[in-house]
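Notes follow once the structure below has been shown.
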Amino acid sequence: MTFEVSEPKKMILAFVPPFLYLFILWMFTFLEWGMGWNFWYLGIAPRKAEGLFGIVTHIFVHSDFYHLLANTIPLLVLGWLLFYFYSDIAPKVFIWIWLLSGIFIWVAGRPGWHVGASSLIYGFIFFLFLSGIIRRHAPVIAVSLVVIFLYGSIIWNMFPIAELVNAETSWEGHLGGALSGAILAVVYRKHGPQRKEYIDDDEKYDDGQENIDLNLCSNINKPSSPKWENNDDGVSGKVEI
């Protein structure tokens, strides 16, 4: 049994997953600050056994409130776009970007503890942008343009040059997220909203006219009245992600 969800309700429901995730992030940070704890060991330590668990937990930890605040609005906006336009596959995309970017950091990241959720942000950006281009579907193309307009300038943080500006920036996490989003845009290209195929009315009309003419020719020498049919075919320090 399927249930129809009205458009306003669908728009509201799309806020629920990113909001819940952000709630967890803020509770983690408040707990860390209030109790005087340090969750840096939940980050990813590249190529070290103790850093493997961070592949799962690194997106819940931030270096400070400023780091978390910088990620909050992009996560909310991009998360809403993902769960609104791609509601059927959004949970899968979220989880795969989370894990694939974490694996990339563990394999290719520089020494240090990589923490933060920016890998998700970059994954969402590239998934939304490339999905719109691949599908050639007007609404999702519009989403792609909005995404690149809002966040296109952060592309430079995917490369080692970002480390020169801020040594604590994990460009590896950003690049891992971007690659994950791009891969998933291709993998899930046949899922979610698709471009509608239309039949040209002029072609249908021409085909019908051709059939009429052929039938007329075939019946022209018959004594009876013509009759025809019309047929249509068609591990030191923290690195912020």
Side-chain angles (χ1 to χ4, degrees), residues 18 21-22 24-76 78-79 92-127 129-130 151-187 235-241:
Y21 171 59
L22 284 167
I24 295 173
L25 294 190
W26 279 94
M27 289 300 100
F28 255 81
T29 306
F30 272 115
L31 185 62
E32 187 178 21
W33 171 73
M35 301 299 293
W37 295 340
N38 193 333
F39 290 150
W40 56 267
Y41 58 86
L42 295 178
I44 299 173
R47 296 170 300 283
K48 293 186 179 293
E50 60 267 30
L52 275 172
F53 188 65
I55 292 174
V56 176
T57 57
H58 75 284
I59 65 168
F60 297 102
V61 184
H62 289 76
S63 59
D64 51 38
F65 280 105
Y66 178 79
H67 184 201
L68 176 56
L69 186 61
N71 284 344
T72 295
I73 299 302
L75 284 171
L76 185 62
L78 295 168
K92 297 178 183 178
V93 171
F94 182 99
I95 292 172
W96 277 114
I97 291 176
W98 170 7
L99 297 178
L100 289 176
S101 59
I103 293 171
F104 181 88
I105 296 170
W106 191 85
V107 171
R110 64 186 185 275
W113 291 94
H114 295 246
V115 297
S118 292
S119 56
L120 289 178
I121 293 174
Y122 279 78
F124 293 167
I125 289 173
F126 273 75
F127 176 82
F129 176 72
L130 291 178
Y151 301 108
S153 61
I154 66 176
I155 297 300
W156 298 110
N157 287 329
M158 291 167 40
F159 304 103
I161 191 175
E163 188 180 350
L164 301 177
V165 178
N166 184 350
E168 294 185 348
T169 299
S170 175
W171 61 268
E172 304 96 322
H174 300 164
L175 181 59
L179 291 174
S180 301
I183 291 170
L184 292 170
V186 175
V187 170
V235 140
S236 59
K238 289 178 290 187
V239 183
E240 298 177 0
I241 303 173

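Counting from 1, the numbers follow the sequence of the chain as shown. Small disclaimer: the values here were computed from a predicted structure and weren't measured.
Shown here for Gly112 and Pro46, the closest heavy-atom pair between the two residues is O-CD, 3.2 Å. For Asn157 against His174, the heavy-atom pair with the smallest separation is O-ND1, 2.8 Å. When every heavy atom of Ala162 is checked against every heavy atom of Trp171, the shortest pair comes out as CB-CB, 4.2 Å. In plain terms, the two heavy atoms of Leu75 and Tyr21 that are nearest each other are CD1-CE2, 3.9 Å. Nearest heavy atoms, Leu130 versus Ala185: CB-CB, 3.8 Å.
Without hydrogens or angle criteria, Arg110 side chain to Ser170 main chain gives no donor-acceptor distance under 3.5 Å.
For the pairing with Ser180, the side chain to side chain contact (heavy atoms under 4.5 Å, CB included) check across Leu175, Leu99, Leu100, Leu120 returns one residue only, Leu100.
Within a 6.0 Å sphere centred on CZ of Phe65, other residues, nucleotides and ligands contribute more than 12 heavy atoms.
Within the 4.5 Å cutoff, side-chain heavy atoms of Trp26 are placed close to those of Leu69. Between Trp106 and Glu172 there is no side-chain heavy-atom pair separated by less than 4.5 Å. Pro111 is not listed as a side-chain neighbour of Lys48, based on a closest heavy-atom distance of 4.5 Å or more. At a threshold of 4.5 Å between non-hydrogen side-chain atoms, the residues Leu78 and Ile125 count as touching. Using a 4.5 Å heavy-atom cutoff, the side chains of His58 and Ser119 are in contact. For the pair Trp98/Val56, a side-chain contact is recorded, criterion being any heavy-atom separation below 4.5 Å from C-beta on.
Remark: Ser118 engages Asn71 in a side chain to side chain donor-acceptor pair (under 3.5 Å) (not counting sequence neighbours). In this structure, the ring-ring contact (aromatic ring centres under 6.0 Å, His included) partners of Phe28, at least two apart in sequence or on a different chain, are Phe39, Phe60. Here Trp33 pairs with nothing under the side chain to side chain donor-acceptor pair (under 3.5 Å) rule; sequence neighbours left out. The side chain to side chain donor-acceptor pair (under 3.5 Å) test applied to Thr29 returns no partner, not counting sequence neighbours. Applying the side chain to side chain contact (heavy atoms under 4.5 Å, CB included) test to Leu184 and every residue at least two apart in sequence or in another chain returns Val93, Trp96, Ile97, Phe127, Tyr188. Residues that satisfy the side chain to side chain contact (heavy atoms under 4.5 Å, CB included) test with Ile155, not counting sequence neighbours, are Phe126, Met158, Phe159.
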Report task. Would you sort out whether Glu32 and Asn38 count as a side chain to side chain contact (heavy atoms under 4.5 Å, CB included), showing the intermediate values? Result -> CA-CA 6 Å; Glu32 187 178 21; Asn38 193 333; 3.5 Å; yes
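Here the CD1-CD1 distance, from Ile59 to Ile121, works out to 11.0 Å after rounding to the nearest 0.5 Å. Separation of atoms OG1 (Thr72) and NE2 (His67) is listed at 10.0 Å; rounding is to 0.5 Å. To the nearest 0.5 angstrom, Leu22 atom CG is 8.5 Å from Ile73 atom CD1. The line from CD1 of Ile44 to OG1 of Thr57 is 7.5 Å long, rounded to the nearest 0.5 Å.
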